[in-house]
Each structure stands twice: as C-alpha cells, then as structure tokens.
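Worksheet: one structure, shown below.
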Amino acid sequence: MPQTRPGSAGHTAPLGRVVFITAAAAMGGFLFGYDSSVINGAVEAVRDRFDVGSALLAQVIAAALIGSAIGAAIAGRIADRIGRIPVMRLAAVLFTVSAVGSALPFALWDLALWRVLGGIAIGMASVIGPAYIAEVSPPAYRGRLASFQQGAIVLGIAVSQLVNWGILTVADGDQRGTLAGLEAWQWMLGIMVIPAVAYFLLSFRIPESPRFLISAGRESEARRVLAGVEGERTDLDQRVDEIETAMRSEHRSSFRDLLGGRFGLLPIVWVGIGLSVFQQLVGINVVFYYSSTLWQSVGVDPSSSFFYSFTTSIVNIVGTVIAMVFVDRIGRKPLALIGSVGMTLSLAAVAWAFSYKTGSGEDVSLPDAQGVVALVGAHTFTLFFALSWGVVVWVLLGEIFPNRIRAAALGVAASAQWVANWAITASFPSLSEWNLSVTYIVYTVFALLSIPFILLWVRETKGKALEEMG
C-alpha cells in the first residue's frame, strides 16, 4: 500500500507517488541550474580556443540569457495548447541538442547558437516546472512540493561545478587537456546530455496536468490523475468542479492593466521590477558564470579555482535550505534585509581584497591575507544571497501583486530580471579586465541601495491571503 498523509479536505493522498511526480518535473529545474552554470568551467578554454577578447566572449556566455527570455515568454502559451508534458519533452530535447552542439562547435558563432538553444530550454523549464508542480500537488503540501524546483536548481548548479572539477582533475588541471579525443571543456559542456535524457525519459512516467486535461475536455483522464495524486477518497466531482470554476473566473491580465501612476506603470509593478533588478545587480551570476575565471584572474591555479566554484555552490545549497526554513517564520522583509546587509559587507570585503591585486597577464597574485578575505567574502556573499534574495524575491513576486494583474506583472518582472542578468553577465569580463576592485564596488553599492528599497517600498506578505494584495 502507498504511504498516505492527510490531503485536501481530510482525504488521503499517496505521498510517495506525488513526491516522485514532483521530483521528475523538478528535473527541469536541475537542468536549469546545470546549464546556467556549467559554462563556468569552459570560459577560459573557449577564450583560448577561439582567441577572442573579453567583450565578444561575454556575448557568447550571455547568449543563453537571450534564449531564456524567449523560452520563458513562449512556454506558457505552448503548454496551454499542447500540454505540460510535451513542453517538458521539448525542453529536454533542446537541452540535449544544446549539450551536443556546445561540446562540438566548429566556430564561435555556432557555440553561441547552441547556447541560445540551451537558453530557450532554460526559459521553458523555469516556467513549466513550477506551473506543473502547482497543478498536480495536493493543496495540503503544495508549498513544500513547490520548493523542489528551487532545490533542484541549486543542486544542478552544485553538480555542474562538481563535474567540472572532476573532469579538470582527470585532465591534470588543463581545461584544454585531451580526454578520449575531446578537450576537457568539451566534456564539461557535453556531459549534460545525461540529465537531459533522464528528464526526457522521466516525462513518460508522470501524468499530464489535470488542469490541462480539463481545459482540453478530457475529464475522465483528469479524474484518474486526481485520484492518483490526491487519493481515491477524494471527491473527484467536487475537485473537477473547483478546477473548472477557477478557470472560468480567471482574469487574463494584459500589459494594459499595468499602466497607471506617475511613471507609466502602477507603483506595485515598479516594486516587482525593483526586486528583480536588485537581485541581479548585486552580481550573483558572476559567481555562477565566471567564478573559475575570477579566481584565476587573481592568481589561483585552475584546479583550485574549480574547487572553489564547487564549494561556493554547496554554500548556495545551504543558504537556500535556510531560506526555505525561515521565510515563513520570520517573514520576507526581515530575511531580505538580513541578506542585503550581509551581502553589502561581504562584497565590500571582496572589493577591498581585490584592490591588492598585483601583476598582469598570467603573473598575478593577491597577498595571503587579502586572498583569504576574498575567498571568505565570496562564500559569505553567496550564503547571504541564497538565504535571502535568492528565494525571497520569487516568494514576493508570487504574492505582492493583486489577482487582477498578477500574471502580467509577473511577466514584466521576470523580463526585467533576464535583462539585468544579461547586463551583469555581458559586462563582467570587460569591467573586471579594467578594474576588478571597482567592479565589486559597483555590486556593493547595489547591495547597499537594496536596503532602503526594502524598507521604503516592499510590504510584508507573510501570513496574508493573496486576495488581500490590493
């Protein structure tokens, strides 16, 4: 007999089955994290292989973000037309093709193209995973199951860095070292085929969303899925009626609904945009995309730099777990403020340490004391980000908007986040080449400015119903 727990309205739900379905869907989140950060291990090798400068290299690294914006924009509409599971399979195919193409490029332009395809898959996974999990989860533990997606993302980041470090170790610390006919960096990018194929195969073991089935007139299938995830004792007629009623009453918000206020958009929409932009402008994706390059630029050997990238990703997981534990206990605003203060101090310490960088080219170094400060500061920054803004922003974006504009406002806020992400990712190589310490001072200033932003404009949403967000 399947393990059961209290479900909706006092009924029972087969917890093991629900967890398996959620974990399978969250593989998209794992690939989201993996594909986003695996490029970290290939940056310097790509620079050397194709003999490109920092500005052009940055565009190749950031190309995935263009695809991500496209994928996020189209995933919802495609899912409403053909279903959630087919979109997962399409994303898995794109992840697979991107991995193979990125591992076997014949020029820089086609590497950028494969990165865009991978980005489209990332964007799709970022939308379809949370939507599907919300639609199949029993109400009693929807919140806990929804956290699987974020957990899978940070796990994917960590595994990508562990794989990169392992491959580099086998290649004797040479990112262009040859292994079975391919260079080490090619293996780093290509090995993503394994989780991508696993995601594709797992999609055949999980059911279609009951919400989509009902919208497509396939009520008998929807009933079977609801019985499977919420338990045989669930009143299936009542659940189908609830879903149909909710779908009929939904207001499809548009960009026009967001207009108003002194600056074109409603004030709450600007708050959402501010949350998204600050989350990126503190420079967190420099850690995920460039940390190996960053450490090598201050004299750390490649093997150690890859190991530090891995340890940073472990810290990211720890911080994410802390956020999940405390976001409902102490509230969104206090957690965000703690993170902002911690990030400001950590980034300031890193900027100070990098100001002691000496030498040029491959002959660069930091004094021992400053090297320790930089290493500790970078890990501390990641910890404070993960336990606050990494999770809190997504929680707030799901809660702060009134029902009538939520969907459209979320779309605008998410788009702002991709744009800010692209700006940081594309600018870092050139900025760091110019002055690494000043670059981190810029990130410090944004972290500092996020404190008054939270205090003055962000409302606490802990314990409030979505209907209260007027």
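The shortest distance between side-chain heavy atoms of S276 and L397 falls below 4.5 Å. Between V372 and D368 the shortest side-chain heavy-atom distance does not fall below 4.5 Å. Residues V19 and F148 meet the side-chain proximity criterion, which asks for heavy atoms closer than 4.5 Å. Contact of the L31 side chain with the F95 side chain is registered, since non-hydrogen atoms from C-beta on lie closer than 4.5 Å. Taking the side chain as every heavy atom from C-beta outward, F30 and Y34 approach each other to under 4.5 Å. You'll find the side chain of Y289 stays beyond 4.5 Å of the side chain of V43, heavy atoms only. Looking at heavy atoms from C-beta onward, L168 lies in side-chain contact with M188 at the 4.5 angstrom threshold. S432 has its side chain out of reach of L294: every pair of non-hydrogen atoms, C-beta onward, lies at least 4.5 Å apart.
A donor and an acceptor atom, one from each side chain of S291 and S309, are located under 3.5 Å apart. Judged purely by distance below 3.5 Å, without hydrogens or angles, the side chains of S430 and S54 never pair a donor atom with an acceptor atom. No side-chain donor-acceptor contact under 3.5 Å links N316 and T312. Counting only N and O atoms by type, the side chains of D301 and S304 include a donor and acceptor under 3.5 Å apart. S313 and Q161 share no side-chain donor-acceptor pair at under 3.5 Å. Between the side chains of Q175 and E183, no donor-acceptor pair of N or O atoms lies under 3.5 Å. Under the 3.5 Å distance criterion, with hydrogens and angles disregarded, a donor-acceptor pair is assigned to the side chains of S450 and S340.
If you take CD1 on I61 and CG on N285, they are separated by 12.5 Å, rounding to the nearest 0.5 Å. To the nearest 0.5 Å, atom CZ of residue F401 and atom CD1 of residue I268 are 6.5 Å apart. Atom CD1 of I194 and atom OG1 of T96 lie 11.0 Å apart (nearest 0.5 Å). For the atom pair R49 CZ and R176 CZ, the distance stands at 6.0 Å (nearest 0.5 Å). Here the CD1 atom belonging to I128 is positioned 6.0 Å from the CE atom belonging to M88, to the nearest 0.5 angstrom. Separating the CG atom in L436 from the CG atom in L431 is a distance of 10.0 Å, to the nearest 0.5 Å.
Ring orientation note: the planes of F106 and W109 are nearly perpendicular, at an angle over 60° on the 30°/60° scale.
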message = side chain to side chain donor-acceptor pair (under 3.5 Å) for T425 and N421? Distances and angles first, verdict last.
response = CA-CA 6 Å; T425 304; N421 189 341; 3.1 Å; yes

Checklist entry - Given the rule in the side-chain contact (heavy atoms from CB on, under 4.5 Å) test, do W389 and L335 qualify, once you have shown the distances and angles that lead to the verdict? => result CA-CA 8 Å; W389 285 74; L335 208 54; over 6 Å; no

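The cationic atom of R89 (NZ for Lys, CZ for Arg) lies less than 6.0 Å from the six-membered ring centre of F204 and within 45° of the ring axis.
Electrostatic pairing of E135 and R84 counts as a salt bridge here, judged by a charged N lying under 4.0 Å from a carboxylate O.
The ring of F446 has its center no closer than 6.0 angstrom to the ring center of Y443.
A donor-acceptor contact shorter than 3.5 Å is absent between the side chain of Y308 and the backbone of A378.
Between L387 and A323, the shortest heavy-atom contact is O-CB, 3.5 Å.
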